[in-house]
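Structure first, commentary second.
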Amino acid sequence: EDVTVVLYGDDDAIPERRIHGDRCAYDQSTNDIQCDGNVEMLLDERTSGRTAAMAYDHEGRTITTLAATEIVRPGQFEGRAERMTLGVENNVLDVSGRVRVVMTDGSVLETENARYDQNADLIQVAGGLRMTNEDGTVTGVRAEISLSPQSLEPQEIRVWGEVDAELSGPSTHLVLTANELTVRMSLGRVLGAQADGDAVLESRASESSRLLSGDTLDATFDALGQVQSVEAEGNAQMQLEGGERLDSVRIRNELSGSIVTAENSVLQLGEYRLDGSHFVIEQGKNITFRTESPASIEMPTGSLRGGQTEAQFDPDARTLITLVQLGDVEFLQEGR
């Protein structure tokens with residue numbers, strides 16, 4: 001009764017583990033130990049755990065809890081799971097069953113199975129993932145989280161399988177679906193994010209949602225953690241205000257309102273179709289379009305081709321307001 005157990009590592013690099021329980025049993029033939037009743041564990045010099053019952057397997061050098069477990073590292077996180085297993089020699093911590101970890105910044109990680117390799121500063125999640133913070137939510141099937149060695153703050157988060165993410169801010173409401181998502185972070189702030197595999201980003205900041213899709217979506221963030229720009233590459237497609245459509249090899253959408261494309265660009269504005277490359281599009285009350293590269297415009301009354309193009313389109317009336325073309329202009333109308 002009222003027992004304290006100390007487990008020592010084979011060398012000084014392995015921290016000692018301390019276990020205290022109301023009752024403990026020791027098997028002299030195997031060196032196995034089992035404790036129950038208000039079990040408290042010092043898992044390393046900074047991490048502690050609490051549970052109702054635990055067992056130490058001397059041959060496997062593992063500590064396994066037999067009941068719901070709380071794990072705490074002051075100033076960094078608090079966690080809870082139905083089971084926990086700690087490798088005494090390899091510093092690998094496995095948790096399973098309704099796992100919930102709350103970081104000091106308010107971020108919450110929920111899953112069914114997770115592994116924390118303390119030597120590699122890596123968390124691996126298998127069994128569904130849900131991460132939430134004040135800015136949004138990310139869900140997926142599997143994940144890897146690389147941690148800063150000292151602070152244990154996330155440096156890179158990779159999520160695979162049926163990824164859904166939602167990001168909200170003062171003027172931003174973005175919803176993302178993809179096969180894979182990588183988020184780069186520093187000091188708790190998002191630096192950038194990349195989505196791969198049938199990536200679709202929907203903006204719901206206004207009454208009419210807008211879509212941006214591609215094989216890859218790459219987003220940059222400002223100092224406040226708000227999205228500055230999103231670039232779609234590979235089968236890039238974007239839906240503009242009023243349902244107008246833009247296709248290109250690459251589309252860069254500045255959240256301030258500017259849109260820039262690369263080669264093989266097509267802009268469909270009502271009955272008007274613009275083909276060319278390196279478009280610059282501004283969205284406001286009207287849609288303003290310009291390119292310094294050769295472009296052609298198909299209109300109900302004919303077609304135009306020129307070296308440079310500027311145009312203004314009214315998305316409400318779905319009509320072309322102004323059109324200017326320079327440099328070897330060719331106008332075709334009814335066979336003339």
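Atoms considered below: every heavy atom in the structure, side chains included; atoms not considered: hydrogens, waters and symmetry mates.
Not a single side chain to side chain donor-acceptor pair (under 3.5 Å) links Glu233 to another residue, sequence neighbours left out. With sequence neighbours excluded, the residues satisfying side chain to side chain donor-acceptor pair (under 3.5 Å) with Ser265 are Ser248, Thr261. Residues that satisfy the side chain to side chain donor-acceptor pair (under 3.5 Å) test with Gln268, not counting sequence neighbours, are absent from this structure.
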>> Using salt bridge (charged side-chain N to carboxylate O under 4.0 Å, His left out), reason through Arg318 and Glu244 one step at a time and then give a plain yes or no.
In response: CA-CA 9 Å; Arg318 304 181 70 79; Glu244 315 306 331; 2.8 Å; yes
>> Does Ser229 form a side-chain hydrogen bond (donor to acceptor under 3.5 Å, both in side chains) with Arg252? I'd like the steps, not just the answer.
In response: CA-CA 7 Å; Ser229 66; Arg252 182 179 180 85; 3.1 Å; yes
> Going through the distances and angles, do Arg18 and Glu16 end up as a salt bridge (charged side-chain N to carboxylate O under 4.0 Å, His left out)?
Replying inline: CA-CA 7 Å; Arg18 289 182 174 268; Glu16 66 178 45; 3.0 Å; yes
>> The test is side-chain hydrogen bond (donor to acceptor under 3.5 Å, both in side chains); show your working for Thr104 and Gln76 and say whether it passes.
In response: CA-CA 5 Å; Thr104 52; Gln76 292 179 337; over 6 Å; no
>> Set out, in order, the CA-CA distance, both residues' side-chain angles and the distance that settles side-chain hydrogen bond (donor to acceptor under 3.5 Å, both in side chains) for His20 and Asp2, then state yes or no.
In response: CA-CA 7 Å; His20 183 275; Asp2 192 19; 2.6 Å; yes
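Residues Phe77 and Leu129 share a hydrophobic cluster, clusters being chains of Ile/Leu/Val/Met/Phe/Trp/Tyr side chains in contact below 4.5 Å. Side-chain heavy atoms closer than 4.5 Å link hydrophobic residues (I, L, V, M, F, W, Y) into clusters, and following such links, even through other members, never connects Trp160 to Val183. Linking ILVMFWY side-chain heavy atoms closer than 4.5 Å, directly or via other members, places Ile63 and Val3 in a single hydrophobic cluster. In the hydrophobic clustering of this structure, Leu320 groups with Val329; members are Ile, Leu, Val, Met, Phe, Trp, Tyr whose side-chain heavy atoms approach within less than 4.5 Å, directly or through other members. Following chains of ILVMFWY side-chain contacts shorter than 4.5 Å, one can reach Ile251 starting from Leu176, so the two form part of one hydrophobic cluster.
Side-chain atoms of Asp222 and Gln228 include no donor-acceptor pair closer than 3.5 Å. Donor-acceptor pairing under 3.5 Å is lacking for the side chains of Gln237 and Ser213. Counting only N and O atoms by type, the side chains of Asp196 and Gln194 include a donor and acceptor under 3.5 Å apart. His173 and Glu202 share no donor-acceptor pair across their side chains, judged by distance under 3.5 Å alone. Side-chain atoms of Ser258 and Glu282 include a donor-acceptor pair closer than 3.5 Å.
Taking CD of Glu144 as the start and CG of Leu122 as the end, the distance is 5.0 Å to the nearest 0.5 Å. Atom CG in Leu7 sits 11.5 Å away from atom CE in Met41 (nearest 0.5 Å). Summarising the geometry, atom CG belonging to Leu167 is positioned 5.5 Å from atom CZ belonging to Phe221; distances are rounded to the nearest 0.5 Å. Rounding to the nearest 0.5 Å gives a distance of 6.5 Å between CZ of Arg83 and OG1 of Thr65. In this structure, the separation between CZ on Arg17 and CD on Glu45 is 8.5 Å, given to the nearest 0.5 Å. Taking CG of Leu246 as the reference point, atom CG of Leu211 lies at 12.5 Å (rounded to 0.5 Å).
Screening Leu93, Asp94, Val95, Asp44 against Leu86 for a side chain to side chain contact (heavy atoms under 4.5 Å, CB included) leaves a single residue, Leu93. Each of Met185, Arg158, Met131, Glu156 was scored for a side chain to side chain contact (heavy atoms under 4.5 Å, CB included) with Ile145, with one residue passing: Met131. Just one of Val99, Thr64, Leu43 meets the side chain to side chain contact (heavy atoms under 4.5 Å, CB included) condition when paired with Met84; it is Leu43.
Between Glu40 and Arg50 a salt bridge is recorded (basic side-chain N to carboxylate O distance below 4.0 Å). For Glu310 and Arg290, the salt-bridge test fails: no basic side-chain N is under 4.0 Å from an acidic carboxylate O. No salt bridge links Asp117 with Arg115; every basic N to acidic carboxylate O contact stays at or beyond 4.0 Å.
For the residue pair Asn253 and Met238, the shortest heavy atom distance occurs at ND2-CE, 3.4 Å.
Looking only at distances, a side-chain donor or acceptor of Thr291 sits under 3.5 Å from a matching main-chain atom of Ser277. A donor-acceptor contact shorter than 3.5 Å links the side chain of Thr51 to the backbone of Ala68. Asn119 places a side-chain N or O within 3.5 Å of a backbone atom of Asn90 that can act as its donor or acceptor partner.
More than 12 heavy atoms of other residues, nucleotides or ligands sit less than 6.0 Å from atom CG of Asn31.
The shortest side-chain heavy-atom distance between Glu231 and Arg250 falls under the 4.5 Å cut-off. Side-chain contact between Leu201 and Leu174 is present, with at least one heavy-atom pair separated by less than 4.5 Å.
Within the structure, disulfide bond (SG atoms under 2.5 Å apart) contacts touching residues 91-138 (residues at least two apart or in different chains) do not occur. The list of disulfide bond (SG atoms under 2.5 Å apart) pairs with a residue in residues 20-114, not counting sequence neighbours, reads Cys24-Cys35.
Hydrophobic side-chain contacts under 4.5 Å tie Val108 into a cluster, directly or through other members, with Val102.
Aromatic ring centroids of Phe289 and Phe279 lie under 6.0 Å apart.
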